[in-house]
2 protein chains.
Amino acid sequence: MQCSSPTKPTGRREARKEERRDAILDVAAQSFLEHGYAGTTMSGIAGTLGGSKGTLWSYFPSKELLFAAVLDRATRAFREEIEVTLNESEDIAPALRTICESLIGKMSSPHGVGLHRLVMGEAKRFPEMGRIFYESAPERTLKILAAHFEKAMASGILAPADPFHAAQYLTSLCTARSHMRLLTGVLDGLSPDEVREQAHRAVELFLRAFAPAD
Amino acid sequence: MQCSSPTKPTGRREARKEERRDAILDVAAQSFLEHGYAGTTMSGIAGTLGGSKGTLWSYFPSKELLFAAVLDRATRAFREEIEVTLNESEDIAPALRTICESLIGKMSSPHGVGLHRLVMGEAKRFPEMGRIFYESAPERTLKILAAHFEKAMASGILAPADPFHAAQYLTSLCTARSHMRLLTGVLDGLSPDEVREQAHRAVELFLRAFAPAD
DNA sequence: GAAAAATCGTACTGTAGAGTACGAAAATGC
DNA sequence: GCATTTTCGTACTCTACAGTACGATTTTTC
């Protein structure tokens with residue numbers, strides 16, 4: 001009757017298994033984001049871990065399932081942060097700038113670039129994965145923005161329009177300057193100053209394009 | 001002395017070789033764009049062609065070289081069309097709409113989507129290729145647009161700004177509504193009406209954002 | 001029609017990598 | 001300490017596919 005945790009009947013082993021699973025996912029994510037699906041080998045992952053192949057397979061019974069797990073965790077990191085409080089004051093510019101900075105920062109990070117390349121490159125082979133990624137990362141951001149835009153449009157701060165489309169235009173303005181070059185490898189990253197400047201400019205153009213008629 | 005063509009010493013064989021080379025590139029492009037680099041097999045290409053592997057290797061001595069040739073031809077198709085005459089009349093909207101329609105049409109076509117996925121997915125494995133693609137397709141379009149914008153800004157039709165950046169913003173507005181969903185496989189293509197509508201909207205927003213100050 | 005070049009068919013080599021098998025060695029629980 | 005679970009190390013199977021070899025057949029040239 002001295003069971004310390006009511007949720008987990010056995011204590012130490014379960015914890016170690018979680019740790020181990022996480023360690024595997026860390027190594028796997030690193031490799032998938034760096035080298036793509038085909039360029040990643042299970043043997044390589046096992047080697048980097050220092051463990052044996054049998055152990056790896058006992059956690060993830062196939063490469064595809066490991067890949068799915070990596071993707072799930074990688075997009076979770078994206079979707080768990082965009083919540084920024086847009087209060088309904090008259091001046092939405094600063095709040096939008098903050099959101100855009102965060103967005104540009106994420107998309108231009110090695111992790112963001114690798115994730116985009118991976119998802120797009122494998123969208124044909126793993127159609128489910130493309131949909132899951134879209135819904136859990138970009139669409140979520142767009143919906144949050146759209147909800148705020150809807151209110152801003154109702155109160156006349158922005159010109160009336162489809163708020164979801166407006167969100168698409170804003171995020172697109174954010175990525176306009178660097179996304180293509182980052183994904184093709186022509187650019188290697190952005191400095192914090194560049195991130196700030198591009199966010200500032202995106203918001204400026206957006207507000208001008210969606211300014212309410214006088 | 002009855003050599004018909006002065007440029008080609010032997011006539012018939014050379015022509016057939018060109019044809020054959022093109023046929024190989026057709027099949028290979030189809031497969032690379034559809035299944036990606038790793039998903040494409042040389043044996044499969046030879047099989048589809050109906051020819052033998054020896055013949056295939058006599059044209060392209062390795063998979064990588066075949067891939068490079070496919071990429072080169074695929075981007076050529078892109079770069080050989082964007083030249084639209086933007087005359088310097090006061091109203092640039094119709095000309096921009098034409099360009100944007102063409103751009104959106106290309107990027108949303110199966111060919112365009114496949115090419116983007118391919119280049120981005122393999123940018124890490126073939127860094128040269130990413131650069132070549134960027135320079136021969138998107139950058140070329142941007143430069144053409146930028147040249148026109150520079151004049152339009154000088155004559156006061158557009159607000160003064162960095163013309164290259166302006167071109168990036170316009171193309172980004174063009175792709176804002178569909179590019180992400182197309183690349184992730186959530187969307188499967190655009191109807192001509194959608195292409196037209198998105199081009200129209202992109203130009204409208206662009207001109208509002210870059211309208212000269214009164 | 002004969003020589004030369006290209007193509008075909010097919011069998012082969014070599015390698016890489018996914019997934020399996022299994023006994024030995026730790027770690028964990030009680 | 002003893003049983004159980006997990007991990008390790010290593011060797012193995014199987015399959016896919018890039019690239020080679022080569023003699024037989026067709027096509028082109030003159």
Side-chain angles (χ1 to χ4, degrees), chain A residues 1-28 31-32 34-70 122 125-126, chain B residues 1-28 31-32 34-70 122 125-126:
Chain A
M1 289 300 183
Q2 51 218 83
C3 224
S4 54
S5 162
T7 49
K8 300 269 177 182
T10 51
R12 190 94 95 268
R13 260 216 275 266
E14 309 290 321
R16 245 187 86 80
K17 280 189 96 161
E18 277 302 306
E19 260 177 52
R20 199 84 177 115
R21 200 186 129 93
D22 272 2
I24 292 174
L25 286 176
D26 283 341
V27 172
S31 179
F32 279 124
E34 176 96 0
H35 306 112
Y37 183 80
T40 292
T41 74
M42 295 293 270
S43 309
I45 291 173
T48 309
L49 275 165
S52 84
K53 300 180 73 168
T55 307
L56 177 53
W57 258 269
S58 82
Y59 281 90
F60 300 97
S62 80
K63 188 180 179 182
E64 290 202 5
L65 288 174
L66 174 56
F67 184 62
V70 165
E122 305 296 337
R125 203 192 319 213
F126 303 100
Chain B
M1 291 299 184
Q2 50 217 84
C3 221
S4 55
S5 162
T7 49
K8 299 267 174 179
T10 50
R12 190 94 95 267
R13 259 214 277 266
E14 309 289 322
R16 247 187 83 81
K17 281 187 96 162
E18 278 300 309
E19 261 177 52
R20 199 86 177 111
R21 200 185 130 92
D22 272 2
I24 293 173
L25 287 176
D26 283 342
V27 171
S31 179
F32 278 124
E34 176 96 1
H35 306 113
Y37 183 80
T40 293
T41 75
M42 295 294 271
S43 309
I45 292 173
T48 309
L49 275 164
S52 85
K53 299 180 71 167
T55 307
L56 177 53
W57 259 269
S58 81
Y59 280 89
F60 301 96
S62 80
K63 188 181 179 181
E64 290 203 5
L65 289 173
L66 173 57
F67 184 62
V70 164
E122 305 297 335
R125 202 190 320 211
F126 303 100

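In what follows, every heavy atom counts, from backbone to side chain, and hydrogens, waters and symmetry copies are set aside. First the proteins, then the strands, lettered A, B, ... as listed; each starts at 1. Quick caveat, the model's predicted, so the values are computed rather than measured.
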Within the structure, does a side-chain N or O atom of A:T55 lie under 4.0 Å from either OP1 or OP2 of D:dC8? yes
Please check the phosphate of D:dT28 (OP1 and OP2 only) for any side-chain N or O of B:R16 closer than 4.0 Å. yes
With a 4.0 Å limit, can you tell me whether A:R20 has a side-chain N or O closer than that to the phosphate oxygens OP1/OP2 of D:dC8? yes
Tell me: CZ of A:F60 to P of C:dA18, nearest whole Å? 15 Å
Contact class for A:G50 vs. all strands (heavy atom < 4.0 Å): base, sugar-phosphate, or nothing? sugar-phosphate
I need the CG-C1' distance between A:L56 and D:dT6, as an integer number of Å. 14 Å
Between NZ of A:K17 and P of C:dA26 the distance, given in whole Å, is 21 Å
Quickly work out the A:H35 NE2 to C:dG17 P distance and round it to whole Å. 12 Å
Point-to-point distance, once rounded to the nearest 0.5 Å, from CZ of A:F60 to CE of A:M42: 8.5 Å
If you measure from CG on A:D26 to CD1 on A:I45, what distance do you get to the nearest 0.5 Å? 11.5 Å
Ignoring the backbone of A:W57, work out which of D:dT28, C:dG19, D:dG19 is nearest its side chain. C:dG19
Parallel, tilted or perpendicular for A:F126 and A:F67, by the 30°/60° rule? tilted
When A:T48, A:V70, A:L56, A:T40 are each screened for side chain to side chain contact (heavy atoms under 4.5 Å, CB included) with A:V27, the one that passes is A:T48
Angle between terminal axes - the helix from C:dG1-D:dC30 to C:dC30-D:dG1, 5 pairs each end, rounded to 10°: 30°
Kindly say if A:K53 contacts the phosphate of C:dA18, meaning a side-chain N or O under 4.0 Å from OP1 or OP2. no
Could you measure the distance from the CG atom of A:L49 to the CZ atom of A:R20? Nearest 0.5 Å is fine. 5.5 Å
Give the rounded distance in Å between these two atoms: CE of B:M42 and P of C:dG14. 20 Å
Separation of C:dA18 P from A:F67 CZ (nearest whole Å): 13 Å
Passes side chain to side chain contact (heavy atoms under 4.5 Å, CB included), B:I24 versus B:T55? Steps please. CA-CA 10 Å; B:I24 293 173; B:T55 307; 5.7 Å; no
Calculate, to the nearest 0.5 Å, the distance between atoms OH and NZ belonging to B:Y59 and B:K17 respectively. 5.5 Å
Heavy atoms under 4.0 Å, any strand shown: does B:Y59 hit a base, just sugar-phosphate, or nothing? sugar-phosphate
Please give, in whole Å, the distance from C:dA6 P to B:E19 CD? 15 Å
In whole angstroms, the gap separating P of D:dT6 from CD of A:E18 amounts to 13 Å
B:T41 side chain, from C-beta outward: closest of D:dT20, D:dC17, C:dA18: D:dC17
